[in-house]
2 protein chains.
Amino acid sequence: MESIPRQQDTARQWMRASRTERPVVDSTVTIKDVAEHAGVSVGTASRVLSGNPATSATARERVQAAVTELGYRPDARARALRSARSHAVGLLVSDVRNPFFADIAHGAEQAALGASYVTLLANANEDTAQQDIYLEAFLTQRVDGIVIAPQGEGGGNLRALERARTPLVFVDRTVDGFDVPSVTADNAQGVELAVAHLAAEGHTRIGYIGGPSSVSTGRARHDAFLAAVARHGLDEDPDLITAGDFRSASGGAAAAALLGHRRPPTALLAADSLMAVGALGEVRRQGRRIGADLALVAFDDIDWFGELDPPLTVVAHDARELGARAVRLVLDIIEGRPVESAVLPMRLVVRESSTGRPAAD
Amino acid sequence: MESIPRQQDTARQWMRASRTERPVVDSTVTIKDVAEHAGVSVGTASRVLSGNPATSATARERVQAAVTELGYRPDARARALRSARSHAVGLLVSDVRNPFFADIAHGAEQAALGASYVTLLANANEDTAQQDIYLEAFLTQRVDGIVIAPQGEGGGNLRALERARTPLVFVDRTVDGFDVPSVTADNAQGVELAVAHLAAEGHTRIGYIGGPSSVSTGRARHDAFLAAVARHGLDEDPDLITAGDFRSASGGAAAAALLGHRRPPTALLAADSLMAVGALGEVRRQGRRIGADLALVAFDDIDWFGELDPPLTVVAHDARELGARAVRLVLDIIEGRPVESAVLPMRLVVRESSTGRPAAD
DNA sequence: TTGTATGCGTTATCAA
DNA sequence: TTGATAACGCATACAA
């Protein structure tokens, strides 16, 4: 009786597909079927499948044969339910469409794959509500661990995570008041590199296009900018400080505001790639030319920044490495190894956008 | 006896975390705990939780209270195991770092979220082997359906998918020999629009930077290009045809080859955004200027293409819509509704890169 | 080395 | 409307 609803279900599901293929194998081949087909007990089949050494060569052989013949695929959910390990990690990025986070995701995914963990990638879309939804989903899916580039002040489900004791790692960003292992970049150093470079190029008025103060990197870069400007004796004009939301449009708006002042800056520093691109557009619209009329340095080294005209000078961090390290960190927690937060260095890649001339290298 | 290993496990897992917080609630609150706390049976608790109308107001109230008090979160795995529905769809894109696919992913994710499905996003990294790995993972995770932008000729697990009868939808790309519902763009129309535009601008020698012939969009655009060139009476010179791999570097190489010929093209058409960016870099390196010296039209309207200098003329498809439609399609299959493949129109967005002058609109 | 039996957390069946 | 109980697919303790 029990299996009938399931079959009906499957039938209904494919009713209109009207495919002409052979009904080969049912989708739900269980370990029981395998055991039967191999002429062994489920216990033996299970042992063979999970690599338990307590198996005979014949058993292994017959079970393997049955597996390939029936097209058996273990049910990860049942397995996880029984063994309290899902072998899945959740990765929550702020915005998949931001190339920087796409790179982080890629690095994280590859690292997880290497450890034979599956990655559940979710996209908060720079929105705290969506972050909570996906965090909730991760929790109900019982992922073994979570890597997140967090939004906001850390209310809502971020606290629930702590309570649920799910292994958690912050990547790129952190949240105040959370004692969570993290892999971040040395933002202060990055800003210092950029400002020092622009100062060396003779600029004294640098316009800053910052990120939102609700994000740790936004705050860190802002503070570092102020410090660096003071340190290098540049103009500490509040008019030179703007803030966007890490998205393209806000970069354009910020650039417009900066360039609209009576004493506009001669150089621009954008706190992320998307805002840099927005600024690029605004500068062009104003009929000015990056490199020649106005220097531009951006955070985040996106692959194609070097292909632009002019190529963009950037403060780069290795996003892939950031993602990979974060995953390794969360696996360390999961598997009970000692964990250590990491701060990765940033480096300056000088190109024409800040010098007006082809780079030396 | 049975629960002891689990507790040990949890303990080991957090041993070195040495956090000082209160042990508030154990992570694994089950429905049993909820029922006990509420003074009802698990059956009643389950009914309340799943919105079964056969519940009394008091029962609902008490269970809800217990849920919030204990911080209960249903176990999606157990739920899926029992109900044969995971409420998860797998999304496999060719390359997350390609902005076009990032947009597709975003659209798909939002659509799934709207239907309260979770999206498992995986990245094939333009690699058939990785595609198979993730397909395998989707299968073992027993996702309810899969949306994929497929790689290669469709060997390996793509066939296994068919056999497993997992609802499947192709997005953007298709694979010959598979009778699978799909959401694609009208590539032929897109190419025609681009070629017609360039012809109208007076170009007779258009260099084509195509995609790999192993991908359906690569083939479709290639064939359409040949047809359009013939139709408009332009130079049908084989030297004007190149092929890349949908990645930046190959676009640069293709541009170099095209521009190196004795009779170089006066316009370039790139079959995707990343290759267009690569071409952009190569053109700059050769000291030429897009728009003025050489026209460029690209496939895929990436947000920031309009911000570049000069802004890029593109053949655009709405990637978000592509992703959203694909998800809706797979949900249609899952939930037994009639399904219908869709071909979305493309449209030409004319900007300076192909005209040398600011666009009218 | 193997088989049997139990339980993981949940939903669904069946009586009450 | 409710409670007891079986079953989902799998892994493991225990006995053989």
Side-chain angles (χ1 to χ4, degrees), chain A residues 1-10 26-36 38-63 67 70 72-87 139-142 144 164, chain B residues 1-10 26-36 38-63 67 70 72-87 139-142:
Chain A
M1 272 309 258
E2 186 53 26
S3 66
I4 288 185
R6 261 200 28 257
Q7 291 181 341
Q8 285 180 336
D9 223 34
T10 307
D26 191 301
S27 61
T28 51
V29 181
T30 78
I31 199 170
K32 207 168 153 187
D33 302 317
V34 171
E36 245 166 53
V40 299
S41 71
V42 272
T44 302
S46 173
R47 278 184 284 266
V48 170
L49 290 170
S50 52
N52 189 318
T55 50
S56 69
T58 33
R60 278 193 292 269
E61 200 171 309
R62 305 188 56 159
V63 169
V67 164
L70 299 178
Y72 168 75
R73 238 166 270 274
D75 186 327
R77 304 165 308 174
R79 188 173 270 188
L81 184 58
R82 176 61 229 234
S83 49
R85 274 275 171 288
S86 65
H87 254 69
L139 251 20
T140 61
Q141 296 283 339
R142 302 290 194 268
D144 291 339
Chain B
M1 272 310 259
E2 187 56 26
S3 66
I4 288 183
R6 257 199 32 257
Q7 293 182 340
Q8 285 180 336
D9 224 32
T10 307
D26 191 302
S27 62
T28 51
V29 181
T30 78
I31 198 171
K32 208 167 154 188
D33 302 317
V34 172
E36 245 166 53
V40 299
S41 72
V42 275
T44 302
S46 174
R47 277 183 286 265
V48 170
L49 289 169
S50 53
N52 188 318
T55 50
S56 67
T58 32
R60 277 193 293 269
E61 200 171 310
R62 304 187 56 159
V63 170
V67 164
L70 299 177
Y72 167 75
R73 237 166 271 273
D75 186 327
R77 302 165 309 174
R79 186 174 270 187
L81 183 59
R82 180 59 231 227
S83 53
R85 274 275 170 288
S86 66
H87 254 71
L139 251 21
T140 60
Q141 295 282 340
R142 301 290 193 268

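So that the names make sense, note that chain A is the first sequence line, chain B the second, and so on, each numbered from 1.
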Whole Å only: how far is the [atom1] atom of [X] from the [atom2] atom of [N]?
{"X": "A:Asp75", "N": "D:dC8", "atom1": "CG", "atom2": "P", "result": "12 Å"}
{"X": "B:Arg85", "N": "C:dA12", "atom1": "CZ", "atom2": "P", "result": "12 Å"}
{"X": "B:Arg77", "N": "C:dT11", "atom1": "CZ", "atom2": "P", "result": "14 Å"}
{"X": "A:Gln141", "N": "C:dC8", "atom1": "CD", "atom2": "C1'", "result": "16 Å"}
{"X": "B:Lys32", "N": "D:dT5", "atom1": "NZ", "atom2": "C1'", "result": "13 Å"}
{"X": "B:His87", "N": "C:dT10", "atom1": "NE2", "atom2": "P", "result": "17 Å"}
{"X": "A:Arg62", "N": "C:dT2", "atom1": "CZ", "atom2": "P", "result": "11 Å"}

Give the nucleotide from the list D:dG9, D:dC10, C:dT10 with an atom nearest to the side chain of A:Leu81. D:dG9
For D:dA11, does either OP1 or OP2 sit under 4.0 Å from a side-chain N or O belonging to A:Arg79? yes
Under 3.5 Å, side chain of B:Arg60 to main-chain N/O of B:Thr55, donor-acceptor pair present? yes
Using a heavy-atom distance cut-off of less than 4.0 Å, which residues of residues 39-47 of chain A contact DNA chain C? A:Val40, A:Ser41, A:Gly43, A:Thr44, A:Arg47
What I'd like to find out is whether the side chain of A:Thr30 reaches to under 4.5 Å of the side chain of A:Asp75, using heavy atoms alone. no
Using a 4.5 Å cut-off on heavy atoms from C-beta on, say whether the side chain of B:Glu61 contacts that of B:Thr58. no
In residues 49-61 of chain A, which ones come under 4.0 Å of DNA chain D, going by heavy atoms? none
Using Watson-Crick or G-U wobble pairs with both distances under 3.5 Å, give me DNA chain D in dot-bracket, 5' to 3', with [ ] for crossers and | for pairs to another strand. ||||||||||||||||
Ignoring hydrogens and angles, answer whether the base of C:dT11 and the side-chain atoms of B:Arg82 contain a donor-acceptor pair closer than 3.5 Å. yes
